[in-house]
Amino acid sequence: MTHEGTLAYIEDIARHEGQRVIVRGWLHARRSSGKIHFLTVRDGSGFIQGVMSKAAVDEETFRLADHLTQESSVIASGTVRADARAPGGFELDLATLEVVGGSADYPITPKEHGVDYLMDRRHLWIRSERQSAVLRVRAEVIAAVRSFFDDRGFILADTPIFTPAACEGTSTLFPVQYFDETTAYLTQSGQLYNEANAMALGRVYCFGPTFRAEKSKTRRHLSEFWMVEPEVAFARLDDVIDLAEDLVVSVVTRVLERRQTELKRLDRDVSKLELVKKPFPRITYDDAVKMLNDKGQPFEWGGDFGAPDETLLANSFDRPVAVTRYPSKVKAFYMEPDPQRPDVALCVDVLAPEGYGEIIGGSQRIADYDLLLRRIKEHDLPKEAFEWYLDLRRYGTVPHGGFGMGIERVVTWICGLDHLREAIPYARTLNRLYP
RNA sequence: UCCUCAGUAGCUCAAUGGCAGAGCAUCCGGCUGUUAACCGGAGGGUUGUAGGUUCGAGUCCUACCUGAGGAGCCA
């Protein structure tokens, strides 16, 4: 079969109005009315409806279209025509059709399916309109994050995934055999290495997968997730919050600029995202506890917020809110205490609006050698494992700080999803390692 | 680890302790503007597993398996 026309991707189809193009992709859906077929084709860049009328093609081509099954791969050619009835504004009047690979009994039908069924077929589910839109937004979020840091003079310095011990000592680690006799652990944060990198390179960030063996079963947790972590020498808490604020605004703005089609396909209320502008409200943990109690949510000073607490707090604001100065007791060992009030830490959590919860956690780090050593001992961490980390305080210590932002949580929020597992191509959860 | 809920056709779900059902998908036929198209017909079942109660169990009881939602913890 020979096809006439210019090779085109569906997302660029508007540029080819009135022209003959060749599209290569898969059959997404087919509707037929006897003498006219409607073939929705997707090519990864978008979806378009091809219209084949019996009068316009030879008999063999028309019969081929009549028996075309869902997700058969095809090469087709036709003329691009603007049409108000088409969701994307354009249709393709088909002239030729070639099946590259057939597809029998495709398991994901246009009707409803359960979560387990879809997750078992995640490798196929990502072909759907919604799921492919999410993954395209995810790619935009990641691109926005990298541009943000690269454009500001940050150096990308990635941290190891095999680590010798716990970074924070609290979360559970995934052990793996490391050659013959040694046990390594999959990293749960690049934080500590990031601090060393910041002392070498000034402003740095790492971006990669992290692993947590927490036996969580909630819509906000994955055992493998991606996190971007900047770290800045000489930064204090306010600098860390400024950076977090700029990053979130930059990412949301760029997705709004470049991924309107996908957000629309996801039925996202973009007016909520358009409110994400500087400055974010900044409240202290003390304020937050008071707010919760004023709203009738019983909460005692000293604990960490649960998901309902976070939602209640975030719902008081129309944009992300920065909550600072949590009790040191509930936070990581390396966080600098507030000099005015040593029982709270110079830390910040950024809570997304609309109940999406914590998307960023960060702090100013302890700069003083003696205090850091004391904290390591208080947390029963083995000093030997942290000698290299203590070196950073032995040799030219400076105030510094940074944060981690969970990519999937940001994608979930921006896309308006109700579960983190749709924000990553292949989610790893407590009960899922396949496909 | 704990709490709650669910498991019946390929999928999504019905079925008072009394004949195993529907819609969609698949296959066949019809239809020149369909958007999860529509209309007619056909095929499709070890009710998660193992026990128990009962004249009789998809339904009640026990254990286990699998999954979902939540708690804790976190990004």
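Since we're looking at a predicted model, the values are computed, not measured. In what follows, every chain begins at residue 1, and chains take the letters A, B, ... in the order their sequences are listed.
A donor-acceptor contact shorter than 3.5 Å links the side chain of Arg319(A) to the backbone of Lys277(A).
When the P atom is compared between U26(B) and U46(B), the two are found 22 Å apart, to the nearest whole Å. Comparing the C1' positions of C61(B) and U53(B) gives an interatomic distance of 7 Å, to the nearest angstrom. U66(B) sits 32 Å from G18(B) when the P atoms are compared, rounded to a whole Å.
Rounded to whole Å, atom C1' of A25(B) lies 15 Å from atom CG of Leu27(A). Here G33(B) presents its C1' atom at 12 Å from CG of Asp93(A), a figure rounded to the nearest Å. Rounded to an integer number of Å, the gap from CD of Gln70(A) to C1' of A25(B) is 9 Å. For Lys331(A) and C74(B), the NZ to P distance is 7 Å, given to the nearest whole Å. Tyr326(A) has its OH atom 12 Å from the P atom of C73(B), to the nearest Å. For the pair Phe62(A) CZ and G30(B) C1', the interatomic distance rounds to 13 Å; values are reported in whole Å. Rounded to an integer number of Å, the gap from Tyr356(A) OH to A75(B) P is 20 Å. We find that NZ of Lys35(A) is positioned 5 Å from P of C31(B), with the value rounded to whole Å.
Glu354(A) CD: more than 12 foreign heavy atoms inside a 6.0 Å radius.
Salt bridge annotation for Arg259(A)-Glu140(A): present, with a cationic side-chain nitrogen under 4.0 angstrom from a carboxylate oxygen. Under a 4.0 Å N-O distance rule, the pair Glu408(A)/Arg138(A) qualifies as a salt bridge.
Partner assigned to C27(B) is G41(B), using Watson-Crick or G-U wobble distances below 3.5 angstrom. Figure legend. A71(B) is base-paired to U1(B); pairs are counted as Watson-Crick or G-U wobble with both atom distances under 3.5 Å. Using the Watson-Crick or G-U wobble rule with both distances under 3.5 Å, C13(B) pairs with G21(B). Under the Watson-Crick and G-U wobble criteria, each requiring two contacts below 3.5 Å, nucleotide U66(B) is paired to A6(B).
Within 4.0 Å of Gln49(A), counting heavy atoms only, lies at least one base atom of the nucleic acid.
Counting only heavy atoms from C-beta on, Phe225(A) has its side chain closest to A75(B) among A75(B), U32(B), C11(B). In this structure, of A75(B), U34(B), U12(B), it is U12(B) that holds the atom nearest to the side chain of Tyr117(A). The side chain of Leu420(A) lies closest to A75(B) when the candidates are A75(B), G33(B), G67(B).
Looking at which nucleotide of RNA chain B each of Thr69(A) and Glu358(A) is closest to, the 5′-most match is held by Thr69(A).
At a cut-off of 3.5 angstrom, the base of C74(B) holds at least one donor-acceptor pair with the side chain of Arg409(A).
Note: Phe403(A) and Tyr205(A) fail the aromatic proximity criterion, with ring centroids not under 6.0 Å apart. Proximity of the aromatic rings of Tyr285(A) and Phe305(A) is defined here by a centroid distance below 6.0 angstrom, and this criterion is met.
By the 30° and 60° cut-offs, the orientation of the rings of Tyr117(A) relative to His113(A) is parallel.
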Write down the protein N/O and nucleotide N/O pairs, taken from nucleotides 69-72 of chain B, whose separation is under 3.5 Å; answer none if there are no such pairs.
residue, atom, partner, partner atom, Å
G69(B), OP1, His419(A), NE2, 3.0
G69(B), OP1, Arg421(A), NH1, 3.0
G69(B), OP1, Arg421(A), NH2, 3.0
G69(B), O3', Arg219(A), NH2, 3.1
G70(B), OP1, Arg219(A), NE, 2.2
G70(B), OP1, Arg219(A), NH2, 2.9
G70(B), OP2, Arg219(A), N, 2.9
G70(B), N7, Lys217(A), O, 3.0
A71(B), OP2, Arg220(A), NH2, 3.3
G72(B), O6, Ser216(A), OG, 3.2

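Here the straight-line distance linking atom CG of Leu417(A) with atom OG1 of Thr412(A) works out to 5.0 Å at 0.5 Å rounding.
The phosphate of A68(B) has OP1 or OP2 within less than 4.0 Å of a side-chain N or O from Asn431(A).
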